[in-house]
Amino acid sequence: MIPLWRVGTIMLVSMTLIVGGDTAAKVLSQDGISPIFVAWTRFALATVVLLPFMGITRSDAPALRDGRVWLRALLIMGGICCILTALRTEPIANTFGAFFIGPIVAYVLSAVVLKERITAARSLLLGLSFMGVLMVVKPGFGATLGMGFAVLAGVFHGSYVVTTRSIAPLYRPRLLLISQLTLGGIMLAPFGLAARPDALTLAAVILIIISALGSAFGNLLLVQLSRTTPSSVIAPLIYTQLLSATVFGLLVFAEWPDGLTILGLFVIFITGLASLALSRR
């Protein structure tokens, strides 16, 4: 297995690319461009850029007849549309904090659907993580529609993770990546094209490219890393998104979370590191 320090470095780069893409999407949405259009361009451009690297052959065609492959693409499409909609009105760090309801959803669904074993230690850590999410979302205490979309994005993503686990032994990682991009782009095309702006400035085009390529190459790094590193090690390191989200929010939008949100983000991040330590043990 790759040394842990290298895994951590690759994950940090991957998460920074993904959050950077979302930061570009937030700038676009604040300029009046629909998040649905931005989401569609992300799928479409990523498909065009990554397809030559995926090694797709005619033998991969049966995957398109698997309903779970389509469901997986639908879930990730819904997740991206929701999180880009949330970013339109919410700070980046807050959005990603709410998004981390996803690991909890995945844990519960894995136990129910995949019959994976539930452990007391893992359940306790996820319970603490859920408390951190509540500190960020603040349900009933100033919760907004945008934060609702962020939570829904996490639900979609947690369901996507479980669907991926169910079919991962059947298909190559790169096939799964390109299938979600291609099918997501096809399903989202009518809505994305309907929401297209009348005109795009050069700055908007550049931001669209950054949004698409940041997400695409960030996810490609994840796929490559998954070939040599157990998911139990990779999954907790996804919490490094919170660091990148806080930094981008501060540098680009001068967004600094309030005290309760910072505490919630800290709880989520620490429980993620604890999950990593538990998985290594």
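In this text, all values refer to a predicted model and were calculated from it rather than measured experimentally.
Here the side chain of S211 pairs no donor or acceptor atom with the backbone of L207 at under 3.5 angstrom. When atom types are taken as modelled, the side chain of S244 and the backbone of Q241 share no donor-acceptor pair closer than 3.5 angstrom. Between the side chain of S179 and the backbone N or O of L175 there is at least one donor-acceptor pair closer than 3.5 Å. Not a single donor-acceptor pair under 3.5 Å links the side chain of W256 to the backbone N or O of L250. With hydrogens and angles disregarded, no donor-acceptor distance shorter than 3.5 Å links the side chain of R72 to the backbone of V69. Under a 3.5 Å cut-off, the side chain of R42 and the backbone N or O of I80 do not form any donor-acceptor pair. Looking at T85, its side chain does come within 3.5 Å of a backbone N or O of C81 through a donor-acceptor pair. A distance-only check finds no donor-acceptor pair linking the side chain of S215 to the backbone of A212 [under 3.5 Å]. Looking only at distances, no side-chain donor or acceptor of E255 sits under 3.5 Å from a matching main-chain atom of A93.
Hydrophobic clustering of Ile, Leu, Val, Met, Phe, Trp and Tyr side chains at less than 4.5 Å, counting indirect connections, unites W70 with I56. In terms of hydrophobic clustering, with Ile, Leu, Val, Met, Phe, Trp and Tyr side chains grouped at heavy-atom distances under 4.5 Å, L220 and L51 are assigned to a common cluster. Each of L12 and I10 belongs to its own hydrophobic cluster when Ile, Leu, Val, Met, Phe, Trp and Tyr are linked at side-chain heavy-atom distances under 4.5 angstrom. Linking Ile, Leu, Val, Met, Phe, Trp and Tyr whenever their side-chain heavy atoms come within less than 4.5 Å leaves W40 and V48 in two separate clusters. A continuous path of hydrophobic side-chain contacts links V113 to V161 [ILVMFWY only; heavy atoms under 4.5 Å].
Note: F96 and F99 have perpendicular aromatic rings, judged against thresholds of 30 and 60 degrees for the angle between ring planes.
Under a cut-off of 6.0 angstrom, the local environment of OH in Y160 is crowded, with over 12 non-hydrogen atoms contributed by other residues, nucleotides or ligands. With a 6.0 Å radius and a threshold of 12 heavy atoms from other residues, nucleotides or ligands, F266 has its CZ atom at or below the threshold.
In terms of heavy-atom proximity, T95 sits nearest to E90 at OG1-CB, 3.4 Å. Scanning both residues, M77 and G184, for their nearest heavy atoms gives SD-O, 3.8 Å. T271 and I268 get closest at one heavy-atom pair: OG1-O, 2.8 Å. Residue I210 comes nearest to G20 through the heavy atom pair CG2-O, 4.4 Å, listed as atom of the first residue, atom of the second, then distance. Shown here for A168 and L176, the closest heavy-atom pair between the two residues is CA-CD1, 4.2 Å. What you find for I18 and G218 is that their closest heavy atoms are CG1-CA, 3.9 Å.
Using a 4.5 Å cut-off on side-chain heavy atoms (C-beta onward), F37 and P197 make contact. Taking the side chain as every heavy atom from C-beta outward, L152 and F156 approach each other to under 4.5 Å. Side-chain contact between L109 and S159 is present, with heavy atoms from C-beta onward closer than 4.5 Å. D60 places none of its side-chain heavy atoms less than 4.5 Å from the side chain of Y171.
In the model, R165 has a side-chain atom that pairs as donor or acceptor with a side-chain atom of S110 under 3.5 Å.
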Begin with the C-alpha distance, continue with both residues' side-chain angles, and end with the deciding distance and a verdict on side chain to side chain contact (heavy atoms under 4.5 Å, CB included) for L183 and L64.
CA-CA 9 Å; L183 297 179; L64 297 179; 4.2 Å; yes

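When I76, D66, T163, I167 are each tested for a side-chain contact (heavy atoms from CB on, under 4.5 Å) with L71, only one passes: T163.
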